[in-house]
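Heads up: the structure comes next, in structure tokens.
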Amino acid sequence: MKTLVTNGIVVTSTTSFQSDLLIENGRIGAIGSALSSPNATIIDAAGCYVMPGGIDVHTHLNLEVGGEKVSDGFYAGSAAAAFGGTTTIVEHPGFGPPGCDLNYQTNLYHQQADREMVIDYGLHAVIQHVDRAVLEGITLLPEQGIASLKVYLTYSGRLGDEAIIEVLKTAHAAGVRVAFHAENHAIISSLTNTFRARGHCTDPGLHPASRPDYAEAEAVFRLIQLARAAGEVPVYIVHLSTAAGLDIIRKARRQGREVYAETCPQYLCLNETCYQQPDGLQYVLSPPLRRQEDCDALWDGLGDGSIDVVATDHCSFSLAQKMQKGKTDIFAAPGGIPGVETRMPLLFSEGVVKKRIDLNRFVRLTATNPAKIMGLAPQKGDLIVGGDADIIILEPRIKKTISSRLLHQDVDYTPFAGMEIQGWPTTVIQRGQIVIKDEQLKVARGAGSFVQRKIQ
Ligand code: MN
Ligand code: MN
């Protein structure tokens with residue numbers, strides 16, 4: 001089966017040029033001008049950008065915490081991702097039962113995802129305690145195609161400093177990337193307890209107050225020092241939200257340290273004034289939304305390359321769930337916001353159209369860098385001959401106003417409602433197969449595949 005994408009502007013991680021692109025047997029067969037291939041299906045991409053499919057390496061499509069489950073699940077969540085131009089996700093499972101082994105959650109998620117996902121996916125492992133069996137389990141992750149694991153510095157499954165050093169040493173030796181939720185647990189729990197002792201925790205503005213920027217900055221700084229002690233090993237920091245944290249990362253990178261940083265559209269496009277809105281409870285997510293100065297600093301970080309990845313931390317607890325649990329105590333609201341469908345359009349519109357980043361930077365942030373860092377490259381993440389034909393055709397003039405009705409996420413709100421977007425992926429192709437066209441999902445439940453990842 002062959003498909004020829006003609007007349008578009010091909011945008012790779014490094015260059016953009018008018019070109020045709022031939023898809024053969026699910027892979028990119030050729031990129032060049034005036035390609036011809038008898039019997040190929042033609043897609044005319046005149047006036048559009050032909051780009052690598054988006055890769056979102058931080059999702060929670062299937063999370064369950066404290067008896068509350070996110071509303072979309074793998075099928076609706078992956079379909080929503082596809083409608084927004086994302087062709088691969090890497091899912092972070094939630095914590096399993098106390099004391100469970102390292103494979104418990106990934107095995108469970110793998111079975112469910114295989115039947116449901118409409119796009120390709122990988123899984124991060126999650127650590128919630130450390131002992132000899134868990135450390136041995138880390139060394140076995142690569143042969144299962146799981147090239148990364150997540151460590152929390154807060155929440156019930158958080159690790160202490162000694163355990164983190166052990167995990168970093170073992171993971172690095174095994175070729176496993178370690179991702180960190182970096183917030184200081186003691187600072188957050190102390191401030192939360194103080195607010196709770198005063199009673200009346202109904203103001204969503206208490207959420208950012210309980211998780212100040214210095215809680216993130218302290219954790220980022222400490223992690224970098226722990227990684228030095230573990231033998232100068234690399235670390236990946238998820239959902240960076242503050243200027244203070246970014247300053248520390250910049251300094252470490254200037255010193256030659258291998259520190260990778262990810263941020264998310266909510267930390268770029270929304271700020272803490274959202275908590276003063278009547279529906280401020282919907283913005284309970286962690287880390288919280290920050291000051292506009294932090295948003296501006298993060299945009300600078302994208303522009304100068306200090307931040308490598310834009311992911312989403314998509315976690316679609318519904319507004320109804322948040323209201324039910326959090327109306328009388330905002331600290332009891334399930335945290336997280338949906339965003340898997342809006343990541344690519346938001347970053348294109350707010351970033352490329354507003355000239356904060358160029359087209360190739362857009363590709364690097366949304367596809368190439370996450371693919372390289374999380375072990376999906378060279379199969380995925382860029383437009384190269386021989387690579388998977390995961391491709392989006394983005395129509396740069398389309399204008400849309402974001403609303404939950406416009407989107408396919410199975411959740412009753414979007415935190416980006418009302419934002420005016422210019423540019424949207426109209427055709428989405430995975431391994432040569434059309435996933436989205438004419439605003440329709442064209443593949444069946446379960447069409448996505450588990451991707452064996454390997455850190456190069
Ligand atoms: Mn997190
Ligand atoms: Mn997360």
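These numbers come from the heavy atoms of this one structure, side chains and all, not from hydrogens, waters or symmetry mates. Counting convention: from 1, in listed order, for ligands and their atoms alike.
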Next item on the list: Would you name the N/O/S atom of H181 that lies closest to the Mn ion (ligand 1)?
Entry: ND1
Note to self: Would you say the rings of H207 and F331 are close, in the sense that their centroids are separated by under 6.0 Å?
What the structure shows: no
Next item on the list: Please test R364 against D382 for salt bridge (Lys or Arg N to Asp or Glu O under 4.0 Å), starting from the C-alpha separation and ending with a verdict.
Entry: CA-CA 8 Å; R364 292 202 292 280; D382 209 346; over 6 Å; no
Check: Looking at the Mn ion (ligand 2), is one of the N, O or S atoms of H239 less than 2.8 Å from it?
Finding: no
Margin query: Closer than 2.8 Å to the Mn ion (ligand 1): does that hold for any N, O or S atom in H92?
Written below: no
Note to self: Less than 4.0 angstrom from a charged side-chain N to a carboxylate O is my criterion; do R356 and D300 meet it?
What the structure shows: no
Notebook entry, point to check: Do the rings of H239 and Y267 sit parallel, tilted or perpendicular, given the 30° and 60° boundaries?
Noted result: perpendicular
Next item on the list: Just to the nearest 10 degrees, tell me the angle at the Mn ion (ligand 2) spanned by H58 NE2 and D313 OD1.
Entry: 80°
